[in-house]
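Below is one structure, written out as structure tokens; the observations come after it.
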Amino acid sequence: MKSRTNPTLETWGWQADAACRGMDSSVFFSPHGERGRARRRREEAARAICRACPVSAPCGLFAENSRQPYGVWGGYTEAERDERVLGVRRH
Ligand code: SF4
């Protein structure tokens with residue numbers, strides 16, 4: 001028999017094990033007007049955290065499925081998600 005699941009836990013349960021839990025979200029989200037080298041540096045810092053995160057797969061899937069428009073999720077920036085999901089490359 002198929003077990004019944006709590007949809008809220010199923011959707012968000014992975015966050016309990018997130019490596020970024022309690023961290024300043026500014027590592028993952030771009031401040032207004034951020035560009036160039038500063039942006040690349042911040043995104044690489046976020047990716048480094050995500051690479052060591054035990055829940056990067058569900059995090060990345062959540063961001064893709066819910067079309068998160070901003071931030072690094074699962075090690076992918078918003079531009080990379082657009083490319084993965086929509087095949088659209090941002091400039
Ligand atoms: S993959 Fe990155 S953004 Fe997602 S929960 Fe882990 S550390 Fe946070």
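Quick caveat: nothing in here was measured; it's all calculated off a predicted structure. Side chains are part of it too, since the values below use all heavy atoms of this structure and drop only hydrogens, waters and symmetry mates. Ligands are counted one by one from 1 in listed order, and the atoms in each one are counted from 1 as well.
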Discussion item. Can you tell whether the side chains of Arg47 and Glu44 come within less than 4.0 Å, N to carboxylate O?
Written reply: yes
Discussion item. Less than 4.0 angstrom from a charged side-chain N to a carboxylate O is my criterion; do Arg41 and Glu34 meet it?
Written reply: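 No, no charged N to carboxylate O under 4.0 Å.
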Fill in: Nearby protein N/O/S atoms (those under 2.8 Å) for atom 4 (Fe) of ligand 1, with water ignored
Cys59 SG
Discussion item. Donor-acceptor pair, distance only, cut-off 3.5 Å: does the side chain of Arg51 make one with the backbone of Gly75?
Written reply: no
Discussion item. Tell me if the centroids of the rings in Phe28 and Trp73 come within less than 6.0 Å of each other.
Written reply: no
Item to complete: Would you give the length of the straight line joining atom CZ of Arg84 to atom CG of Leu86, rounded to the nearest 0.5 angstrom?
Response: 12.0 Å
Fill in: Closest non-hydrogen atom pair between Cys50 and Ser56, with its separation
O-CB, 3.7 Å
